[in-house]
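Scope of the values below: all heavy atoms of this structure, side chains included, with no hydrogens, waters or symmetry mates.
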Amino acid sequence: MNGRIPLHYAIIEHFLQGVEDDASGVVTALASDYASYKMLTESDVEEALMTAKENGILEETRCEADQVGNPVVFYRMTDFGARMVERYL
């Protein structure tokens, strides 16, 4: 065991303090602790964020286009999500 919480938990906990972020921002924020994890990629983090959204943990706050026109979705924790994280993680 490496002493770190599982990556998916860390992704969710990143949003606990009211942070609004996108997949790229999450990867950057977690890179110092999880850089060696193969699943710390923008596409894998985006999938985790979308799953958390579907489960009511996160909500989409806005969507912007990046420099080449691809959508970039930003998320933040819901009140329900905060209660669930505090209760179960």
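A single hydrophobic cluster is not seen to contain both Phe74 and Ile11; linkage of ILVMFWY side chains at heavy-atom distances under 4.5 Å, directly or through other members, places them apart. Under a hydrophobic clustering in which Ile, Leu, Val, Met, Phe, Trp and Tyr are joined whenever their side-chain heavy atoms come within less than 4.5 Å, directly or via other members, Val27 and Val72 fall into different clusters. One hydrophobic cluster, built from ILVMFWY side chains closer than 4.5 Å, cannot hold both Val19 and Leu40; they sit in different ones.
Formation of a donor-acceptor pair under 3.5 Å by the Thr61 side chain with backbone atoms of Arg76 is not found in this model. At least one donor-acceptor pair closer than 3.5 Å links the side chain of Asn55 to the backbone N or O of Thr51.
Considering every non-hydrogen atom in both Val73 and Cys63, the closest pair reads CG2-SG, 4.0 Å.
The closest side-chain heavy-atom distance from Asp21 to Tyr75 is not below 4.5 Å.
When Met39, His8, Lys38 are each tested for a side-chain contact (heavy atoms from CB on, under 4.5 Å) with Asp44, only one passes: Met39.
Counted within 6.0 Å of CD on Gln17, heavy atoms from surrounding residues, nucleotides or ligands total 12 or fewer; the atom is thus considered open. Counting heavy atoms of neighbouring residues, nucleotides and ligands inside a 6.0 Å radius, atom CD of Glu47 does not exceed 12 of them. Within a 6.0 Å radius of CG in Asp66, more than 12 heavy atoms belonging to other residues, nucleotides or ligands are found.
Rounding to the nearest 0.5 Å places OG1 of Thr41 at 10.5 Å from CD of Glu46. Here the straight-line distance linking atom CD of Glu60 with atom CD of Glu20 works out to 11.0 Å at 0.5 Å rounding. Distance check, rounded to the nearest 0.5 Å: CG of Leu49 to CD1 of Ile12 gives 7.0 Å. Considering NE2 of His14 and CE of Met77, their distance stands at 10.0 Å, rounded to 0.5 Å.
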- Message: Would Phe15 and Val26 count as a side chain to side chain contact (heavy atoms under 4.5 Å, CB included) here? Give the steps.
- Response: CA-CA 9 Å; Phe15 291 90; Val26 173; 3.7 Å; yes
- Given Tyr34 and Ile5, is the side chain to side chain contact (heavy atoms under 4.5 Å, CB included) satisfied, shown in steps? CA-CA 10 Å; Tyr34 294 88; Ile5 62 173; 3.4 Å; yes
